[in-house]
Amino acid sequence: MEPPGYSGSTAMTRKMTSQFKASVALVAVVAQLPALAGQAAPFCGFYVAKADSKLFNKSSKVVLSREGETTAITMASDYAGEPKEFAVVIPVPTFIERNQISVVETRTINHLDAFTAPRLVEYHDPDPCPVAIVTRPVREMYAGLGSNAFSALTAVESRQHRGVTVEASYDVGEYDVTILSARESDGLVNWLNDNGYKIPTGAEAVLGGYIKQNMRFFVAKVNLDHMPLLRNGYLRPLQVRYESAKFMLPLRLGTVNANGPQDLIVYALTRSGRVETANYRTVKLPSGVDVPLFIKQDFGAFYQAMFERAVERESMRAVFVEYAWDMGWCDPCAADPMTNKELVELGAHWIGSDDEFPKGGRILLQPRQPPAGFGGRGQGANAYVTRLHVRYDASSFPEDLMLMETGDRTNFQGRYVLHHPWQGAAACAAGESYRALLPARFKQEARNLADLTGWSQADIETRMEVDGQSSQENR
């Protein structure tokens with residue numbers, strides 16, 4: 001049976017000729033593409049599922065590492081097509097040299113995505129007879145419901161390309177990269193069109209805004225001669241590093257040729273604490289909420305519906321926190337902890353070591369700063385990660401994301417909880433009381449799910465009956 005309100009599969013089809021992860025959020029132009037279409041308590045339950053970025057079809061992944069005024073930005077997305085059709089233009093705040101550009105292994109970003117993904121966890125009720133029952137009050141169950149991503153050519157100054165200067169050209173792995181500056185948007189548009197970039201209608205005005213900010217343009221195309229050198233035929237994510245007082249993520253160009261709203265997932269690595277947006281509301285998603293048992297089979301559909309409802313509640317004008325945690329430990333761990341080598345690859349150079357495994361082994365027995373009662377795993381990395389999720393279009397997000405670091409190291413994770421009732425005999429007074437309380441608990445779980453997703457509570461309760469979670473008394 002499909003979950004209430006669920007309209008289809010979450011599977012994503014992928015064209016296997018290439019799987020470049022090019023940021024939809026940062027991409028100014030993708031050649032040919034328009035035609036393509038409080039502190040968390042220590043955890044002692046069992047982790048059972050995660051909601052990674054693959055749930056969202058038009059999604060991009062961007063990793064930002066920030067220390068002082070140094071930013072490393074690594075771009076990944078769902079572009080799947082012929083490599084010759086890929087091209088990207090990204091505004092950057094300063095001139096970029098060759099040693100500031102590199103490629104990153106896709107598996108490293110996928111690992112970070114899995115590690116920070118919202119998660120489903122489960123508990124099993126103990127035998128009610130020998131152990132006193134402690135029932136969580138409704139207000140505690142609702143505690144999480146509060147507010148809360150070419151060929152290098154010599155530039156010829158001409159009337160058509162007026163104001164455009166090619167400042168540098170680089171060969172970076174499977175890419176040819178050019179750094180441009182411009183004084184007039186129409187000259188830049190003409191240059192891009194003449195050099196194989198299909199500029200969508202409306203791009204000139206947005207490009208003009210970046211030109212007024214004296215930003216450069218990072219332009220990349222695939223070098224087809226280098227493709228045979230790749231082991232798996234996939235294009236890898238690009239990383240750019242630069243020094244700038246601006247801590248921002250260019251968003252507007254990605255809306256020019258977008259077909260409807262898009263999802264951007266940002267993984268921000270710092271050593272100071274949580275990252276949030278300065279010019280839009282930053283809201284934590286509902287977390288720590290009890291949901292019916294059938295969600296274990298339908299977690300993807302649940303999370304999509306829950307996120308869409310959260311977006312609707314904020315009129316698609318907020319950036320959502322899905323995870324914010326000290327990388328020195330995890331509880332529960334949705335994936336193996338990130339190694340120092342992986343974190344440095346993503347730009348966290350302040351760690352000071354790019355060993356494959358942290359000193360003392362892959363997973364330290366004693367995490368760096370665990371809370372009392374900690375039952376998870378740690379590796380001691382001096383980094384803090386914030387996972388932000390934003391759904392956006394041109395009207396709801398007319399400005400780029402302006403980001404800021406905070407000193408807040410409070411841990412938060414999007415976590416949803418299953419409570420399995422005791423299935424054994426309960427032949428005692430306490431057992432009878434326990435059984436009598438279950439229908440009210442099941443009804444509360446149905447209310448929680450309806451509130452989170454907008455699904456019909458009556459349909460939810462019908463589905464719960466299948467799993468023996470009847471909300472009717474005296475059964």
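None of the values given here were measured: they were computed from a predicted structure. Here, residue 1 is the first one in the sequence, and each next residue gets the next number.
- Side-chain contact between I90 and M75: present, with at least one pair of heavy atoms (C-beta onward) separated by less than 4.5 Å.
- Side chain of Q239 to main chain of E345: a donor-acceptor pair is present (N/O by atom type, distance under 3.5 Å, no hydrogens or angles).
- Contact between Y323 and T116 at its shortest, heavy atoms only, is CB-O, 3.3 Å.
- For the residue pair R66/S272, the side-chain donor-acceptor check at 3.5 Å is not satisfied.
- Side-chain contact between Y384 and R274 is present, with at least one heavy-atom pair separated by less than 4.5 Å.
- R391 approaches M316 most closely through the heavy-atom pair O-CG, 3.2 Å.
- Between T282 and E276, the shortest heavy-atom contact is OG1-CB, 3.5 Å.
- Two residues are said to be in side-chain contact when any heavy atoms from C-beta on lie closer than 4.5 Å; P128 and R435 fail this criterion.
- Ion pairing between R441 and D125 holds under the 4.0 Å rule for side-chain N and carboxylate O.
- Scored by the salt bridge (charged side-chain N to carboxylate O under 4.0 Å, His left out) test, D393 finds no partners at all (sequence neighbours excluded).
- Residues forming a side-chain hydrogen bond (donor to acceptor under 3.5 Å, both in side chains) with S244 (at least two apart in sequence, or on another chain): none.
- Looking at V390 and L388, their side chains never come closer than 4.5 Å, going by heavy atoms from C-beta outward.
- Take F217 and apply the ring pair (Phe, Tyr, Trp, His ring centres under 6.0 Å) test, not counting sequence neighbours, and it matches no residue.
- With sequence neighbours left out, the side-chain hydrogen bond (donor to acceptor under 3.5 Å, both in side chains) criterion links Y416 to no other residue.
- Looking at Q444 and N448, their side chains come closer than 4.5 Å, going by heavy atoms from C-beta outward.
- Panel note: side chain E174, backbone R236; a donor-acceptor pair is recorded below 3.5 Å.
- Ion pair R463/D298 flagged as a salt bridge, since at least one NZ, NE, NH1 or NH2 atom sits closer than 4.0 Å to an Asp/Glu carboxylate oxygen.
- R387 places no side-chain N or O within 3.5 Å of a backbone atom of I265 that could act as its donor or acceptor partner.
- Judged as a side-chain hydrogen bond (donor to acceptor under 3.5 Å, both in side chains), and not counting sequence neighbours, the contacts of E399 are N279.
- Taking R271 as the reference, E67 meet the salt bridge (charged side-chain N to carboxylate O under 4.0 Å, His left out) condition, with sequence neighbours excluded.
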